[in-house]
Amino acid sequence: MIELRPFNTLGAANHGWLDAHHHFSFASYHDPERVHWGALRVWNDDKIQAGTGFPAHPHNDMEIITYVRTGAITHTDSMGNEGRTEAGDVQVMSAGSGVRHSEFNREDEDTTLFQIWIIPDERGGEPYWGAAQFPKGDRSGKFVALASGHANDDALPIRANARVLGATVKAGESVTYNASADRHLYLVPAIGKIRIEDVEANARDGVAITRKDSITITALEDSELVLVDAA
């Protein structure tokens, strides 16, 4: 099954400083058909104005992955961590038994990002935060794990049977991802236009996929892809 979820059908809330689009039910947006996709619970497409951000607030029992598309985001938390994550790079906060954090755009330009929440395999545990650089050139023509609950992946760790992956694909070229039919795949082109079988997706559209042993994605334009593979 391959289901296209066009960007203009997503939930949306414009708060002025924050322009948010929700692939799944979140905050005041609720769609009973789009509550989660397997263990994937949230995929928010956010634009945060310069000099603004999310003040300190709590989380628990959620794996929160932030993929910065443009600009940068500065993170601080109750564990004493502070870090700045730039475009193309990734941060992970495994909320565990509980943590407070803030996220601010301290740049002189808008920051755009995907924030992805995955339900952990088990509740509780010590919270964790980490960030890493993932050069786009290293992802050219192939999927690279950015965050993963699988020990053999060279990626930021999460406590879930899931992976977040990235790839860049030049126009006219293809990339294949092997999964299994019982997995829940969710793909969003950060930029570009793609085709999977007879389904075409534009930048920031969502593509929900299941009951597929593999998928082949063809770039109709130079594309930057983010994929979640979840139980």
Q: Give, for atom CG of Asp31 and atom CZ of Arg5, the distance between the pair rounded to the nearest 0.5 Å.
A: 8.0 Å

**Q.** Closest contact, heavy atoms only, Ile118 versus Met62
**A.** O-SD, 3.4 Å

**Q.** Heavy-atom closest contact (Pro127 atom, Gly98 atom, distance)
**A.** CG-O, 3.6 Å

(Q) Has Ser140 got a side-chain atom pairing as donor or acceptor with Gly137's backbone, closer than 3.5 angstrom? (A) no

(Q) To check you understand the geometry: which heavy-atom pair defines the closest contact between Gln91 and Thr85, and what is its length? (A) OE1-OG1, 3.5 Å

Q. Do any N or O atoms from the side chain of Asn60 and from the backbone of Gly96 form a donor-acceptor pair under 3.5 angstrom?
A. no

Q) Does any N or O in the side chain of Thr9 come within less than 3.5 Å of the main-chain N or O of Phe7, such that one atom is a donor and the other an acceptor? A) no

Q. Under 3.5 Å, is there a donor-acceptor pair between the side chain of Ser148 and the main chain of Ala155?
A. no

**Q.** Test log, rule side chain to side chain donor-acceptor pair (under 3.5 Å), inputs Thr176 and Thr216
**A.** CA-CA 4 Å; Thr176 296; Thr216 296; 2.9 Å; yes

Q. Does Trp117 have its ring centroid less than 6.0 Å away from the ring centroid of Phe26?
A. yes

Q. If you look at every heavy atom in Asp61 and Gly124, which pair is closest and at what distance?
A. OD1-N, 2.7 Å

(Q) When you compare the side chain of Trp37 with that of Thr210, does any pair of heavy atoms fall below 4.5 Å? (A) yes

Q. Between the side chain of Thr66 and the main-chain N/O of Gln115, is any donor-acceptor distance below 3.5 Å?
A. no

Q. So do Gln49 and Glu107 actually touch side chain to side chain, heavy atoms under 4.5 Å?
A. no

Q) In a check of side chain to side chain contact (heavy atoms under 4.5 Å, CB included) between Leu18 and each of Thr52, Asp46, Asn105, which one passes? A) Asp46

**Q.** side chain to side chain donor-acceptor pair (under 3.5 Å) between Arg195 and Thr218, worked out
**A.** CA-CA 5 Å; Arg195 182 176 65 245; Thr218 300; 4.5 Å; no

Q: May I have the step-by-step check of side chain to side chain contact (heavy atoms under 4.5 Å, CB included) for Phe104 and Arg84, ending in yes or no?
A: CA-CA 9 Å; Phe104 276 91; Arg84 178 178 176 273; over 6 Å; no

Q | Backbone of Ala179 reached by a side-chain donor or acceptor of Asp213 within 3.5 Å | A | no

**Q.** Expected output: side-chain Thr112 to main-chain Thr70 donor-acceptor under 3.5 Å
**A.** yes

Q) Parallel, tilted or perpendicular for His59 and His57, by the 30°/60° rule? A) perpendicular

Q) Is Ile119 linked to Val228 within one hydrophobic cluster, defined over Ile, Leu, Val, Met, Phe, Trp and Tyr using a side-chain heavy-atom separation of less than 4.5 Å? A) no

(Q) Determine whether the aromatic ring centres of residues Phe24 and His36 are separated by less than 6.0 angstrom. (A) no

Q: Give the cluster check for Val226 versus Ile65: same hydrophobic cluster or not, with ILVMFWY residues linked at side-chain heavy-atom distances below 4.5 Å.
A: yes

Q: With sequence neighbours left out, write down each residue that passes salt bridge (Lys or Arg N to Asp or Glu O under 4.0 Å) with Arg69, or none if nothing qualifies.
A: Asp45

(Q) Nearest 0.5 angstrom please: Asn8 CG to Arg204 CZ, how far? (A) 11.5 Å

Q | Worked verdict on Phe54 versus Ile48 for side chain to side chain contact (heavy atoms under 4.5 Å, CB included) | A | CA-CA 9 Å; Phe54 300 91; Ile48 305 166; 3.8 Å; yes

(Q) To the closest 0.5 Å, what do you measure between NZ (Lys212) and NE2 (His184)? (A) 14.5 Å

Q.
By the definition side-chain hydrogen bond (donor to acceptor under 3.5 Å, both in side chains), identify the one residue from His150, Arg163, Arg183 that meets it with Asp229.
A. Arg183

(Q) Could you check whether Arg34 makes a cation-pi contact with Trp43, meaning its NZ or CZ is under 6.0 Å from the centre of the six-membered ring and within 45° of the ring axis? (A) no

Q.
Clusters formed by hydrophobic residues whose side-chain heavy atoms approach within less than 4.5 Å: which one holds Phe143, and what are its other members?
A. Ile2, Leu4, Leu165, Val169, Val175, Tyr177, Leu185, Leu187, Ile194, Ile196, Val199, Val207, Ile209, Ile215, Ile217, Leu225, Leu227

Q. In terms of hydrophobic clustering (I, L, V, M, F, W, Y; side-chain heavy atoms under 4.5 Å; direct or indirect links), are Leu40 and Val90 co-clustered?
A. yes

Q: Answer yes or no: is there a side-chain heavy-atom contact under 4.5 Å between Leu10 and His22?
A: no

Q.
Show, in sequence, the C-alpha distance, side-chain angles and deciding distance for Arg123 and Arg159, and conclude whether the side chain to side chain contact (heavy atoms under 4.5 Å, CB included) test is met.
A. CA-CA 9 Å; Arg123 296 174 64 87; Arg159 290 181 281 203; over 6 Å; no

Q | Minimum heavy-atom distance Ala162-Ala230, with the two atoms named | A | CB-CA, 4.0 Å

Q.
Nearest 0.5 Å, please: how far is CG in Asp205 from NZ in Lys193?
A. 10.0 Å

Q. Is the shortest heavy-atom distance from the side chain of Thr111 to the side chain of Lys47 under 4.5 Å?
A. no

Mind listing the side-chain donor-acceptor pairs of residues 71-80 below 3.5 Å, one per line with the distance, residues two or more places apart or on another chain?
{"unit_1": "His75", "atom_1": "ND1", "unit_2": "Glu103", "atom_2": "OE2", "d": "2.7"}
{"unit_1": "His75", "atom_1": "NE2", "unit_2": "Asp77", "atom_2": "OD2", "d": "2.7"}
{"unit_1": "Thr76", "atom_1": "OG1", "unit_2": "Ser102", "atom_2": "OG", "d": "2.6"}
{"unit_1": "Asp77", "atom_1": "OD1", "unit_2": "Met79", "atom_2": "N", "d": "2.8"}
{"unit_1": "Asp77", "atom_1": "OD1", "unit_2": "Gly80", "atom_2": "N", "d": "3.2"}
{"unit_1": "Asp77", "atom_1": "OD1", "unit_2": "Asn81", "atom_2": "N", "d": "3.1"}
{"unit_1": "Asp77", "atom_1": "OD1", "unit_2": "Asn81", "atom_2": "ND2", "d": "3.4"}
{"unit_1": "Asp77", "atom_1": "OD2", "unit_2": "Asn81", "atom_2": "ND2", "d": "3.1"}
{"unit_1": "Ser78", "atom_1": "OG", "unit_2": "Arg100", "atom_2": "N", "d": "3.0"}
{"unit_1": "Ser78", "atom_1": "OG", "unit_2": "Arg100", "atom_2": "O", "d": "3.4"}

Q. Above 12 or not: heavy atoms from other molecules or residues under 6.0 Å from CG of Asn152?
A. yes

Q. Near Asn14 CG, under 6.0 Å, is it more than 12 heavy atoms from other residues, nucleotides or ligands?
A. yes

Q: Answer yes or no: is there a side-chain heavy-atom contact under 4.5 Å between Val188 and Phe114?
A: yes

Q. Going by heavy atoms in the side chains, are Pro157 and Ser94 under 4.5 Å from each other?
A. no

**Q.** From CG (Asp222) to CD (Glu173), nearest 0.5 Å
**A.** 8.5 Å

Q.
If you compare all heavy atoms of Ala219 against all heavy atoms of Ser223, which two are closest, and at what distance to 0.1 Å?
A. CB-OG, 4.0 Å

Q) Shared ILVMFWY cluster between Leu113 and Trp17, side chains joined below 4.5 angstrom? A) yes

Q.
When you group the ILVMFWY residues by side-chain heavy-atom contacts below 4.5 Å and let the links chain together, are Val68 and Val42 in the same group?
A. no

Q. Between His23 and Tyr186, what is the ring plane arrangement, given parallel below 30°, perpendicular above 60°, and tilted in between?
A. perpendicular

